[in-house]
Amino acid sequence: MKPSIKNSLFAFSLPIFLLGACGGGSGQSASGTASNSTGSAAKQTAAATKVDLQTPDFVADSAYHYVAQQVAFGPRVPNTPAHLACADYLAAKLRDFGAEVIVQEAEVRAFDNTRLQIRNIVGQFQPEKSNRIMLYAHWDSRPFADYDPDPARRNEAIDGANDGASGVGVLLEIARQLGQHPTHPGIDIIFFDAEDYGQPDHLDLPYQPDTWALGSQYWGKTPHKRDYYARFGILLDMVGAPNAQFYREQYSLQMAPRLVDHIWGIAGELGYGNQFNYNKGGMIVDDHVYVYQHRQIPSVNIIQYEPASATSFGHYWHTHNDTMDNIDKGTLKAVGQTVLEVIYREK
């Protein structure tokens, strides 16, 4: 995970042209306004002729199982056997669901100059289509327990059930549905590595920029396909906790304000308005920031936010309490069904 609003304001700033960007629905230009060009009009006409698709039911039991399977490997920290075993599992599941899978292997440098062997795992559904949507999450777990109440255990890796496995579990269930019920646009599901290997807060170290989200930084500069682009992206991070609240994250509001409103509106329609809070959340340096910085793909981060917390996240965040005890099927359902509804409405 990455800094909250308390220190991210000094850690990262998006280019000012983000304010005009939007990843909204069909027929919108990159500036978020309707385009009058002939090409755009033709695309709108083609979209109007496509039939409405029925959104499948998101099975929370299935997503919960996928979360538990990841946690069962142990902490998924780069350069460990558990990390390799889980990577193989994730790639195999995507293939089982009908995706064309690309495993992007790379070496990146951590904040302490450790050489990390990472894997970004890409599952492509209907890869022949140029009209694409990107869904993503990080699959690694934190090598430190920065905020654990026991100082003696802060240098030990955590399970990362919510922070890591929950977003991937939701996306695996979405992948299962995509294999059975195709969408109009092509969908890319990407599991980014080394997101949570950022500079630890419990050590007295001088600040370094860009130590988080190493996998998405690498992918942004070297995507799995040359000149890759998607109309918009949705990032899932910490989406499994009981009673989780998903505020409107502020970098998302900068780069894709209409998409934020669209997603939160759909959540309300589906009865998940209590979980999807319309108040503004933090400014979170997460994978979506680097996806936009390097690929100009506007994205929305659906991420748990607790404004009353000292960390802005759950009390178990970056502790050894981030276990399956903090995974709730109702929360997985709210997020997963909302995202399914978003992508099945797209033409």
Side-chain angles (χ1 to χ4, degrees), residues 1-13 70-71 73-84 86 106-120 137-167 192-218 237-238 241 249 251 281-290 293 301 303-323 326:
M1 198 48 203
K2 62 300 304 162
S4 72
I5 190 170
K6 297 179 182 66
N7 48 17
S8 70
L9 289 172
F10 301 97
F12 198 95
S13 60
Q70 294 171 78
V71 173
F73 287 107
R76 284 86 57 212
V77 176
N79 300 350
T80 66
H83 178 265
L84 292 175
C86 188
E107 180 178 280
V108 298
R109 294 264 187 170
F111 69 94
D112 59 356
N113 285 321
T114 298
R115 296 186 178 189
L116 303 178
Q117 307 304 316
I118 68 167
R119 295 185 183 184
N120 292 325
H138 78 89
W139 70 273
D140 61 305
S141 54
R142 183 81 169 137
F144 314 105
D146 314 41
Y147 291 93
D148 198 85
D150 182 357
R153 299 196 64 198
R154 288 179 183 166
N155 285 325
E156 299 175 12
I158 66 172
D159 282 347
N162 191 41
D163 190 0
S166 67
F192 285 124
D193 203 353
E195 186 273 352
D196 238 344
Y197 215 106
Q199 189 172 3
D201 290 337
H202 68 293
L203 301 179
D204 186 18
L205 299 173
Y207 169 74
Q208 299 178 53
D210 300 324
T211 65
W212 301 84
L214 299 178
S216 59
Q217 289 188 60
Y218 180 87
D237 197 353
M238 301 196 299
E249 192 269 335
Y251 282 133
M283 299 184 77
I284 313 301
V285 179
D286 209 337
D287 289 315
H288 67 315
V289 170
Y290 296 103
Q293 181 185 25
N301 189 4
I303 183 170
Q304 180 185 359
Y305 182 69
E306 291 189 9
S309 167
T311 64
S312 300
F313 305 119
H315 63 86
Y316 40 81
W317 179 70
H318 288 186
T319 75
H320 292 290
N321 293 320
D322 188 359
T323 64
N326 287 305

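Keep in mind it's a predicted model, so treat the numbers as computed, not measured.
By the 4.5 Å heavy-atom criterion applied to side chains, Leu84 and Phe73 are not counted as neighbours. Contact of the Arg142 side chain with the Pro200 side chain is registered, since non-hydrogen atoms from C-beta on lie closer than 4.5 Å. You'll find the side chain of Arg115 stays beyond 4.5 Å of the side chain of Val108, heavy atoms only.
The backbone N or O of Asp163 lies less than 3.5 Å from a partner atom in the side chain of Asp322, making a donor-acceptor pair. Between the Gln70 side chain and the Ala165 main chain, a donor and an acceptor come within less than 3.5 Å of each other. A donor-acceptor contact shorter than 3.5 Å links the side chain of Arg76 to the backbone of Gly160.
The line from CD1 of Ile118 to CG of Leu116 is 7.5 Å long, rounded to the nearest 0.5 Å. A distance of 11.0 Å separates CD of Gln217 from CZ of Phe192, quoted to the nearest 0.5 Å.
The closest side-chain donor-acceptor pair between Gln304 and Asp237, if any, does not fall under 3.5 angstrom. Defined by atom type and a distance below 3.5 Å, a donor-acceptor pair is present between the side-chain atoms of Tyr147 and Asp201. Counted by atom type alone, Asp286 and His288 present zero donor-acceptor pairs between their side chains at under 3.5 Å.
For the residue pair Tyr251 and Met283, the shortest heavy atom distance occurs at CE2-CE, 3.3 Å. Ala82 and Pro75 get closest at one heavy-atom pair: CB-O, 3.5 Å. In terms of heavy-atom proximity, Asp287 sits nearest to Ala213 at OD1-CB, 3.2 Å. The two atoms that bring Trp139 and Cys86 nearest to each other are CZ3-CB, 3.9 Å, heavy atoms only. The nearest pair of heavy atoms linking Leu214 to Asp210 is CD2-O, 3.8 Å. Of all the heavy atoms in Asp148 and His320, the pair that sits closest is OD1-N, 2.8 Å.
The aromatic rings of Phe111 and Tyr197 are tilted relative to each other, their planes meeting at an angle between 30° and 60°.
Judged as a side-chain hydrogen bond (donor to acceptor under 3.5 Å, both in side chains), and not counting sequence neighbours, Ser141 has no contacts. Taking Arg109 as the reference, nothing meets the salt bridge (Lys or Arg N to Asp or Glu O under 4.0 Å) condition, with sequence neighbours excluded.
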Check the pair His202, Asn155 against side-chain hydrogen bond (donor to acceptor under 3.5 Å, both in side chains), reporting the backbone distance first and the verdict last. CA-CA 9 Å; His202 68 293; Asn155 285 325; 2.8 Å; yes

